[in-house]
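So the structure is just underneath, and the comments pick up after that.
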Amino acid sequence: MNNKSPWPKPLRKYSIEVIRSLDEHQYYAVIEMLRRRAKKNSQIGGKYKRHLRRKFSYPTGPKGRVRNYAPTELLRWKKKDCDLLSSFYRERDQNWIPIKLRKIRSKIHDVNNFSFIDNPHETLDSLHRISKLEAEELEVRIDFKDKKISDIGPYLVWGLMRKKMAPISTGGSMDGAIQHVLNAVGLDQYLNIQLSERIPSEDIWSFPFRERSAERSTNHNAAISIPTFTKVADDLVKTIDHWLSKAITPPLALAKTGRGHVTGLVGEVLNNAERHSVPSRDGGWVVAGFMCRREAENKPQGDFICNLTFISRGMSIAESISAPEDTKTAEHLERYLSLHMPSIFKKGVDPELLKTVFALQDGNSRLLNEDSIGGIGLMDIISFTNILGITDNPDLRPRVTILSGNACIMLKDQYAAPYSPQGEETFEIEGKRMQWFNHAKSLDIAPDPDYVFLTKFKFPGTVITLRFCLDGEVLPKVAANGND
């Protein structure tokens, strides 16, 4: 194939309109070829060369900004409103630069440790940086430096952002293992991006991307777009059964009561995402997940790592619980806030953190609903994660991260599992469960700041992302003891 640039037309053929229609790469290619022509033709004198320089110099726009030669489609792009982009980059509206006035330059952004579960601060900073580049730059290349996906959550958020971003991306790099997961869950189709490695991996089993918009519409670009949370809950039960059959030998499956628990907890979480995320009780949500097999020492079959993420847009947990319909819940919330809020005598804890921790406890809900035990269903998710993820390996123990507004709650280590009112750790789905994030397991003591803290950038809604390992040595013993 001949990659040599075509010989340019005579200079008189290049009107200002033609020059402005060229993109940056075409512009510089023509400049180079005309320079070579002038150099080769000895009859062309200095006057012609000066005319060439003047004609092909960049025309300037208002305020002396240099007009760029971006493609027409990009030049016509107008800013789209997006709660995620505006939340991660609060000055987006004020600092947005129209595409035609942006400087011709390329930026490269490296993304490392992209995981809410392991590095929430660094991950949010990357999302902020991407949002800022979208508002100010003409060309951006994003290179994902991680070798594997340890949390699908940030990629889902990036996907939701990308749907509203100006098309300034010029590509990037991404490890093959990450590409396999994005392809398996259907994010590449949702984002309409081309992956270099589309070969299905035998070591990835997905729970494909699903989205319900606040307007109850389906997205036709999504791999699977399902508007009902009950269907998603049923599909997740089937997916977990499939994961258990692949990870455990001989194969295990959820018992009838276990299936009911999973259906109930997913339905509760997604239903509450609809009811609590917006005052109209008609919110949207996104869910996706996968299981992958990774090599491990002294384990020929490897480790089977599972990751699920639920996202709702709109009100944060703290905003939702701020005005509970139940008088008793309102009184308990007021007492908890009065115990730990800042005052002139103590540093205290930010009210947003306290409200978020309070809302996690069973029985605490914004809405008065006799058919629900209250809360937003998070204790069900936490119990479910600890039941399926039981393992003797401390590095693979279950982890759950909740990101809501400016609050980040990390359920891991000594705070990984809920406990009963008597203070005993419990993995039961039924019964009242709590987690106050302190050594005394008491609401009278403030939560541990290493596990409950504020983030620099606000998420406009809630992210619940969980990771656990299906241990082929421990789970069969648990199942033999009658656990569902």
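- Taking 4.0 Å as the cut-off between side-chain N and carboxylate O, Glu136 and Lys107 do not count as a salt-bridged pair.
- Residues Ile178 and Tyr155 meet the side-chain proximity criterion, which asks for heavy atoms closer than 4.5 Å.
- Sorted pairs that involve residues 401-414 and meet salt bridge (Lys or Arg N to Asp or Glu O under 4.0 Å), not counting sequence neighbours, are lacking altogether.
- Within the 4.5 Å cutoff, the side chain of Ile464 has no heavy atoms near those of the Thr309 side chain.
- The two atoms that bring Arg467 and Thr385 nearest to each other are O-CG2, 4.2 Å, heavy atoms only.
- Ring pair Phe457/His128 is parallel by interplanar angle, where below 30° counts as parallel and above 60° as perpendicular.
- The shortest heavy-atom contact between Gly289 and Val185 is O-CG1, 3.4 Å.
- Residue Arg90 qualifies as open at atom CZ: its count of foreign heavy atoms under 6.0 Å is 12 or below.
- Looking at Asp146, its side chain never comes within 3.5 Å of a backbone N or O of Asn112 through a donor-acceptor pair.
- Considering only heavy atoms from C-beta on, Pro460 comes within 4.5 Å of Leu84 through its side chain.
- Using a cut-off of 4.0 Å between Lys/Arg side-chain N and Asp/Glu carboxylate O, Asp125 and Arg129 are scored as not salt-bridged.
- Checking Phe116, Phe88, Phe144 one by one against Trp158, the ring pair (Phe, Tyr, Trp, His ring centres under 6.0 Å) holds for a single residue, Phe144.
- The 12-atom threshold is not exceeded at NZ of Lys78, counting heavy atoms of other residues, nucleotides or ligands nearer than 6.0 Å.
- The aromatic rings of Phe304 and Trp205 are tilted relative to each other, their planes meeting at an angle between 30° and 60°.
- Ring-centre distance between Phe453 and His121: below the 6.0 Å cut-off.
- Using a 4.5 Å heavy-atom threshold, the side chains of Leu339 and Leu443 count as touching.
- The number of heavy-atom neighbours closer than 6.0 Å to CD of Glu295, taken from other residues, nucleotides and ligands shown, is 12 or below.
- Between Ile149 and Leu182, some side-chain heavy-atom pair lies under the 4.5 Å cut-off.
- Tested against Ser115 for a side chain to side chain contact (heavy atoms under 4.5 Å, CB included), the candidates Asp151, Ile152, Thr465, Thr401 yield a single pass: Asp151.
- A salt bridge is defined here as a Lys NZ or Arg NE, NH1 or NH2 lying under 4.0 Å from an Asp or Glu carboxylate O, and Lys163 with Glu134 fails to meet this definition.
- Residues Arg399 and Asp118 are paired through a salt bridge, judged by an N-O separation under 4.0 Å between the basic side chain and the carboxylate.
- Of all heavy-atom pairs spanning Ile117 and Met410, the tightest one is O-CE, 3.0 Å.
- Salt bridge status for Lys145 with Asp175: absent, with no side-chain N to carboxylate O gap under 4.0 Å.
- Checking Tyr336 against Glu331 by side-chain atom types alone, no donor-acceptor pair falls below 3.5 Å.
- In this structure, the side chain of Ser126 does not engage the main chain of Val111 through any donor-acceptor pair within 3.5 Å.
- The two residues Ile382 and Ala416 make their nearest non-hydrogen contact at CG2-O, 3.4 Å.
- The environment of Lys299 atom NZ is dense: over 12 non-hydrogen atoms of other residues, nucleotides or ligands sit within 6.0 angstrom.
- Counting heavy atoms from C-beta outward, Tyr89 and Glu91 have side chains that approach closer than 4.5 Å.
- A salt bridge does not link Asp234 with Lys238: none of the charged nitrogens is closer than 4.0 Å to a carboxylate oxygen.
- Taking all atoms of both residues into account, the shortest heavy-atom contact from Met379 to Leu360 is CG-O, 3.2 Å.
- Every residue meeting the side chain to side chain donor-acceptor pair (under 3.5 Å) condition with Asp143, not counting sequence neighbours, appears here in chain and number order: Arg141, Ser173.
- Between the side chains of Ser383 and Arg433, a donor-acceptor pair is found at a separation under 3.5 Å.
- With hydrogens and angles ignored, the 3.5 Å screen pairs a side-chain donor or acceptor of Asn438 with a backbone N or O of Ile445.
- In summary, Asp203 and Arg294 do not engage in a salt bridge, as defined by a charged side-chain N under 4.0 Å from a carboxylate O.
- More than 12 heavy atoms of other shown residues, nucleotides or ligands fall within 6.0 angstrom of atom NZ in Lys79.
- Here the side chain of Gln435 pairs no donor or acceptor atom with the backbone of Tyr419 at under 3.5 angstrom.
- For the residue pair Val287 and Val232, the shortest heavy atom distance occurs at CG1-CG1, 3.9 Å.
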